[in-house]
Colleague: 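This is the structure, below, for whatever I ask next.
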Amino acid sequence: MAFRPLGDRVLVKRVEEEAKTKGGIIIPDTAKEKPQEGEVIAVGPGARDESGKLQPLDVSVGDRILFGKWSGTEVKLDGQDLLIMKESDILGVLEADKAAKAA
């Protein structure tokens with residue numbers, strides 16, 4: 001199913017965290033918190049300002065983002081648990097290390 005967010009909304013897939021700590025301790029599913037990191041799956045066209053002019057979004061499809069713990073609305077599309085949130089709920093974009101990009 002194709003989904004296109006409206007306005008300044010963004011469709012996000014949560015990125016699952018490791019099931020082990022750095023020390024090797026396995027964390028059970030019941031003790032895990034929902035990750036606050038995700039990947040942008042789809043973006044809306046943008047919000048309109050007072051004059052009606054379209055303001056494009058700062059994020060694009062494929063960006064890895066950080067968002068607040070209680071941000072967005074959980075939805076299930078094609079069997080996947082996804083979030084729909086406004087761009088203002090996004091705290092920032094995670095950028096890959098420049099050295100890793102060069103490699």
Side-chain angles (χ1 to χ4, degrees):
M1 169 186 317
F3 180 81
R4 181 177 55 92
L6 300 176
D8 65 341
R9 288 180 176 78
V10 178
L11 184 66
V12 176
K13 178 181 177 183
R14 288 186 194 265
V15 175
E16 294 300 321
E17 295 180 349
E18 286 289 321
K20 285 185 181 181
T21 65
K22 291 180 183 178
I25 298 172
I26 297 174
I27 303 170
D29 288 338
T30 55
K32 286 185 189 175
E33 287 191 20
K34 290 186 178 181
Q36 294 174 285
E37 184 178 328
E39 180 181 348
V40 176
I41 304 296
V43 297
R48 297 207 179 262
D49 61 11
E50 293 81 26
S51 65
K53 199 166 127 185
L54 192 64
Q55 298 295 318
L57 301 179
D58 288 333
V59 296
S60 58
V61 174
D63 283 349
R64 287 180 66 102
I65 61 167
L66 290 177
F67 50 87
K69 186 178 275 191
W70 308 109
S71 297
T73 301
E74 294 182 358
V75 295
K76 193 164 204 152
L77 294 173
D78 292 335
Q80 288 187 331
D81 291 324
L82 304 171
L83 288 169
I84 299 173
M85 65 181 67
K86 288 189 163 237
E87 185 186 33
S88 60
D89 291 337
I90 297 172
L91 303 175
V93 177
L94 295 171
E95 296 187 12
D97 189 22
K98 293 187 187 220
K101 283 185 179 179

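Computed over heavy atoms, backbone and side chain alike; hydrogens, waters and symmetry mates excluded.
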Colleague: State the CD-CG distance between Q55 and D49, to the nearest 0.5 angstrom.
Modeller: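 Output value for this atom pair is 4.5 Å.
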
Colleague: Measure the spacing between NZ of K76 and CG of D81 and express it to the nearest 0.5 Å.
Modeller: 4.5 Å

Colleague: Could you give the distance from NZ (K69) to CG (L91), rounded to the nearest 0.5 Å?
Modeller: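 Going from the NZ atom of K69 to the CG atom of L91 covers 12.5 Å.
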
Colleague: I need the minimum non-hydrogen distance between E74 and L83, along with the two atoms involved.
Modeller: CG-CD2, 3.5 Å

Colleague: Does the D78 side chain pair with the main chain of Q80, one donor and one acceptor, at a distance under 3.5 Å?
Modeller: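 No.
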
Colleague: Using the side-chain contact (heavy atoms from CB on, under 4.5 Å) criterion, which residues pair with E39? Sequence neighbours excluded.
Modeller: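 Applying side-chain contact (heavy atoms from CB on, under 4.5 Å) to E39 gives none.
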
Colleague: So, using side-chain hydrogen bond (donor to acceptor under 3.5 Å, both in side chains) as the criterion, who are the partners of R48 when residues are at least two apart?
Modeller: none

Colleague: Looking at residues at least two apart in the chain, or sitting in another chain, which of them share a side-chain contact (heavy atoms from CB on, under 4.5 Å) with E50?
Modeller: none

Colleague: Atom CD1 of I84 and atom CZ of F3: how far apart are they, to the nearest 0.5 Å?
Modeller: 3.5 Å

Colleague: Can you give me the closest heavy-atom contact between V12 and I41, atom names plus distance?
Modeller: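 In this case the closest contact between V12 and I41 is C-CG1, 4.3 Å.
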
Colleague: Can you measure from CD1 (I90) to CG (L57) and round to the nearest 0.5 angstrom?
Modeller: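 Output value for this atom pair is 8.0 Å.
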
Colleague: Enter the distance from D8:CG to D58:CG here, rounded to the nearest 0.5 Å.
Modeller: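 It is 11.0 Å, given to the nearest 0.5 Å.
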
